[in-house]
**Q** 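Below is one structure. I have some questions about it.
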There are 2 protein chains.
Amino acid sequence: MTRVSIKHIAGKLGVSNATVSLVLNGKEKEGRVGKETADKIRQVASEMNYEPNNLARGFRIGKSHTIGLIVADISNPFFANLAFYIQEQAEKFGYSVIITNTNESDLKMEKMVQVLKNRQVDGFLIVPTEYGEPYVADLVNRNLPVVLIDRYFPALNVSSVIVDNYNASVKAVENLVNRGCKNIGLVIYKNSLQHILERKRGYMDALKEHGYYNPALIKEVNYSLMQDDIVIAIEGLLAKENKLDGIFFATNTLFTSGIKQLKLMQADIPNHIKLVTFDKSEAFEWMNISIPYILQPIPDMGKMAVELLVEQIGNNAPMVKCIELQTSLKEAP
Amino acid sequence: MTRVSIKHIAGKLGVSNATVSLVLNGKEKEGRVGKETADKIRQVASEMNYEPNNLARGFRIGKSHTIGLIVADISNPFFANLAFYIQEQAEKFGYSVIITNTNESDLKMEKMVQVLKNRQVDGFLIVPTEYGEPYVADLVNRNLPVVLIDRYFPALNVSSVIVDNYNASVKAVENLVNRGCKNIGLVIYKNSLQHILERKRGYMDALKEHGYYNPALIKEVNYSLMQDDIVIAIEGLLAKENKLDGIFFATNTLFTSGIKQLKLMQADIPNHIKLVTFDKSEAFEWMNISIPYILQPIPDMGKMAVELLVEQIGNNAPMVKCIELQTSLKEAP
DNA sequence: CTGAAAGCGCTTACAG
DNA sequence: CTGAAAGCGCTTACAG
């Protein structure tokens with residue numbers, strides 16, 4: 001039972017492959033195919049249960065109609081959500097999405113870029129890892145459509161969809177200050193990614209503004225040593241001499257680890273120490289306290305990233321657009 | 001800058017396309033290509049930065065080297081985890097994975113099967129929805145490789161990787177009985193999927209064994225009306241006359257909703273009411289009590305499903321294999 | 001041991 | 001308005 005192709009339809013009707021192809025692609029007007037011929041072709045096609053061979057079509061026109069998405073870890077809720085909205089939007093444009101994970105390793109990122117390039121994806125949606133810049137640069141140099149999400153490299157001329165991390169941090173800190181905090185700690189990753197630097201800068205500027213800035217209260221955690229580092233960070237912050245009364249967690253993963261340690265050390269939250277964090281966490285639902293958090297517009301981020309990418313794929317001379325979305329401060333839950 | 005193809009290499013070396021293709025696919029022995037020729041071809045290929053056109057290759061041999069994965073919702077941690085391990089394993093076999101969501105809607109499932117069929121995936125990995133049986137049956141009839149995961153249809157002759165839901169339930173109930181419970185409620189979905197029926201059957205049999213069975217303590221919740229139904233279910237169970245002392249939650253989503261309602265109603269856990277649930281939950285980390293749970297071997301499920309599928313793709317006369325994995329009862333966290 | 005040729009299914013100029 | 005033909009890049013018999 002061989003699959004029915006354009007040729008079968010053409011043969012049956014005594015018309016050419018070209019005519020069938022034109023009609024089935026809705027290009028009968030450009031090809032100026034007669035209405036009767038067109039109708040007959042459509043009828044026979046559906047009678048024969050014709051289904052186009054997309055592998056052949058993709059090969060012929062040099063497009064796979066596939067988008068490659070690279071994230072750190074699909075089982076992280078932030079990325080899982082992002083992936084969900086990206087897929088939903090991509091589907092609307094007729095694209096499928098191949099998701100791959102880097103686990104925050106630049107080596108893995110290099111590999112994944114290679115894998116997706118070999119798959120001939122039409123474009124890349126990337127949440128880059130630290131030191132992942134050269135692999136993105138390589139794609140850009142090859143003129144392949146790329147949109148960075150969540151994180152970006154300022155030196156690279158590439159489209160991106162990010163949030164205003166600086167102002168988000170300022171908002172977070174202001175929230176603590178408004179609640180009466182003066183000695184506010186920051187728990188953040190130790191790395192060189194722009195969004196991390198921006199969050200740090202926002203924290204510092206906001207505190208300086210109030211004259212509360214104290215560099216000893218910044219605790220930087222290694223992603224790969226999280227388990228240990230977070231303990232050190234929280235212990236350090238809670239040291240008596242700091243008179244700590246507030247903590248800003250710069251990511252949801254840091255918050256999740258940090259709050260456990262705080263509980264372990266029986267910190268009095270929120271009476272003694274007030275918190276604010278990036279991103280909503282499952283943890284909120286299980287705690288009796290309400291923790292304000294920075295809400296990132298994940299659905300919009302996904303949606304706009306796909307739109308930017310599809311636009312790039314369509315245009316040969318793509319315009320580089322950097323979209324910076326605003327966040328909002330929400331009271332949990 | 002046109003991409004370098006086999007033809008370019010062949011032209012440069014004065015050999016035929018066939019020879020180049022043979023060598024680059026490591027089939028020089030079958031083609032009995034001379035060692036020197038082969039070496040020269042490999043050298044030139046790498047000098048010219050040759051990268052095979054997989055679209056062309058896929059089209060030619062009729063394989064996309066892509067697997068379609070259909071789950072209910074990628075932002076559900078259970079599926080996100082499953083997807084993670086599936087991807088990892090698929091990559092080892094040279095396959096990419098396209099993930100799609102059904103949101104537990106059979107209409108959406110029908111659509112996703114169609115989308116993936118149009119994409120010419122080499123095989124399907126499906127967590128089917130209720131009433132999704134005909135769409136799976138259709139794939140099987142067309143002789144397309146399919147492996148069901150987590151859920152299956154007994155009437156269908158199709159490969160699957162599931163867990164022993166019946167015995168898992170028995171184990172869960174036994175745990176409560178051993179902790180002294182006699183009036184044990186069940187919170188479960190109201191649907192006809194086999195894994196749900198099996199979990200229910202396990203619960204009933206285990207209780208009958210002890211003479212504790214009471215049908216009034218079974219509460220069935222509609223997936224789409226979860227918010228409301230869970231309130232009714234928990235309120236019903238906690239009614240005085242039931243003298244409830246234990247609850248078995250048949251899925252992690254039910255547990256997550258149910259525990260919130262229990263807290264709201266200030267149920268005394270675990271002194272008054274003891275719990276057991278399917279799957280680990282983030283919630284465990286935030287509660288001061290330890291809740292035993294049924295651990296499903298998600299990494300193995302993903303891995304074996306991919307192996308089964310790849311085997312099917314390789315063989316024209318696929319063998320139907322149903323793998324039933326055992327679960328274990330763990331104490332959280 | 002290697003080359004010449006056919007063909008996968010489709011689309012796209014081109015010719016009439 | 002429609003057909004004949006070329007060709008995308010690859011693999012696979014087949015012939016020598």
Side-chain angles (χ1 to χ4, degrees), chain A residues 1-42 44-45 48-66 94 117-120 122 316, chain B residues 1-42 44-45 48-66 94 117-120 122 316:
Chain A
M1 185 181 100
T2 165
R3 194 175 164 142
V4 13
S5 75
I6 272 189
K7 212 195 275 181
H8 295 124
I9 300 175
K12 191 151 185 170
L13 281 168
V15 301
S16 79
N17 298 351
T19 308
V20 176
S21 171
L22 249 21
V23 171
L24 262 24
N25 283 301
K27 293 189 182 165
E28 45 188 284
K29 275 174 195 148
E30 299 164 44
R32 293 144 301 157
V33 180
K35 177 101 171 66
E36 302 153 51
T37 320
D39 284 345
K40 222 178 288 172
I41 287 170
R42 269 187 292 263
V44 172
M48 297 178 83
N49 286 317
Y50 170 71
E51 283 177 10
N53 182 335
N54 282 297
L55 248 33
R57 184 164 195 278
F59 160 58
R60 180 61 182 78
I61 64 181
K63 296 241 175 287
S64 63
H65 291 284
T66 303
K117 239 166 51 182
N118 285 345
R119 291 243 146 238
Q120 265 132 320
D122 293 339
N316 300 38
Chain B
M1 185 184 98
T2 166
R3 194 176 163 138
V4 13
S5 75
I6 271 188
K7 213 194 274 180
H8 295 123
I9 301 176
K12 190 150 188 172
L13 280 169
V15 302
S16 78
N17 297 352
T19 307
V20 177
S21 170
L22 248 20
V23 171
L24 262 25
N25 284 299
K27 294 188 181 167
E28 44 188 287
K29 276 175 197 151
E30 299 165 45
R32 294 143 299 157
V33 180
K35 179 101 171 64
E36 304 151 49
T37 321
D39 284 345
K40 221 177 288 172
I41 287 171
R42 268 186 293 261
V44 171
M48 298 177 85
N49 286 316
Y50 171 72
E51 283 177 10
N53 181 334
N54 282 299
L55 249 32
R57 184 162 196 278
F59 160 58
R60 179 60 181 77
I61 64 180
K63 298 242 175 285
S64 62
H65 291 283
T66 303
K117 238 166 50 181
N118 285 346
R119 292 242 145 238
Q120 266 132 317
D122 294 340
N316 300 37

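So you know, we letter chains A, B, ... as the sequences are listed, proteins then strands, and number each from 1. All of these numbers come straight from a predicted model, not from anything done at the bench.
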**Q** What's the closest nucleotide to the A:N53 side chain, out of D:dT12, D:dC10, C:dG9?
**A**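 Closest of the options to the side chain of A:N53: C:dG9.
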**Q** Contact between A:R119 and B:N54 at the side-chain level, heavy atoms closer than 4.5 Å - yes or no?
**A**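 No; the side chains remain at least 4.5 Å from each other.
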**Q** Write out the stems for DNA chain D, ordered by first number and formatted as range with range, counting runs of at least 3 consecutive Watson-Crick or G-U wobble pairs under 3.5 Å.
**A**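 Expected stems, ordered by start: C:1-3 with D:14-16, C:5-12 with D:5-12, C:14-16 with D:1-3.
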**Q** Tabulate protein N/O versus nucleotide N/O from nucleotides 3-5 of chain D, keeping only pairs under 3.5 Å, one per line.
**A**
from	atom 1	to	atom 2	distance (Å)
D:dG3	OP1	A:G14	O	3.3
D:dG3	OP2	A:S16	N	3.0
D:dG3	OP2	A:T19	OG1	3.0

**Q** Got a sec, which residues hit salt bridge (Lys or Arg N to Asp or Glu O under 4.0 Å) with A:K117, two or more places apart in sequence or on another chain?
**A** A:D138
**Q** With a 4.5 Å heavy-atom cut-off, do B:V4 and B:K12 have their side chains touching?
**A**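 No. Closest side-chain heavy atoms not under 4.5 Å.
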**Q** In this structure, how many angstroms lie between the P atom of D:dC10 and the CD1 atom of B:I9, rounded?
**A** 8 Å
**Q** Does the ring of A:F59 lie flat against the base of D:dC8, closer than 5.5 Å centre to centre with planes under 30°?
**A**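 Base of D:dC8: stacked against A:F59.
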**Q** Taking side chain to side chain contact (heavy atoms under 4.5 Å, CB included) as the definition, give me every residue that meets it alongside A:S64, ordered by chain and number, with sequence neighbours left out.
**A** A:T66, A:D122, B:L55
**Q** What is the distance, to the nearest angstrom, from the CD1 atom on A:I61 to the C1' atom on D:dC8?
**A**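 Checked: the CD1 to C1' distance equals 11 Å.
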**Q** Report the distance from atom CG of A:N25 to atom C1' of C:dG9, rounded to the nearest whole Å.
**A**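 It is 12 Å, rounded to the nearest whole Å.
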**Q** Checking B:K7 now: which residues fulfil side chain to side chain contact (heavy atoms under 4.5 Å, CB included) with it, not counting sequence neighbours?
**A** B:S5, B:N17
**Q** Can you work out whether A:K7 or A:R57 has the more 5'-proximal nearest nucleotide on DNA chain C?
**A**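 Its nearest nucleotide being more 5', the pick is A:K7.
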**Q** Measure CG/B:D39 against C1'/C:dT2 and give the value in whole Å, please.
**A**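 The distance from CG of B:D39 to C1' of C:dT2 comes to 16 Å, rounded to the nearest Å.
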**Q** I want to confirm an ordering. Mapping B:A38 and B:A56 to their closest nucleotides on DNA chain C, which one lands closer to the 5' end?
**A** B:A38
**Q** Determine whether A:L24 and A:Y50 make a side-chain contact, defined as any pair of heavy atoms from C-beta on separated by less than 4.5 Å.
**A**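 A:L24 vs A:Y50: side chains touch.
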**Q** B:I41 has an atom CD1; how far is it from atom C1' of C:dT2, in whole Å?
**A** 10 Å
**Q** Given B:T37, which of B:L13, B:V23, B:V15 fulfils the side chain to side chain contact (heavy atoms under 4.5 Å, CB included) condition?
**A**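 For B:T37, the side chain to side chain contact (heavy atoms under 4.5 Å, CB included) test succeeds with only one of B:L13, B:V23, B:V15, which is B:V15.
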**Q** Could you work out, with side chain to side chain donor-acceptor pair (under 3.5 Å) as the rule, every residue matching B:N118, not counting sequence neighbours?
**A** B:Q114
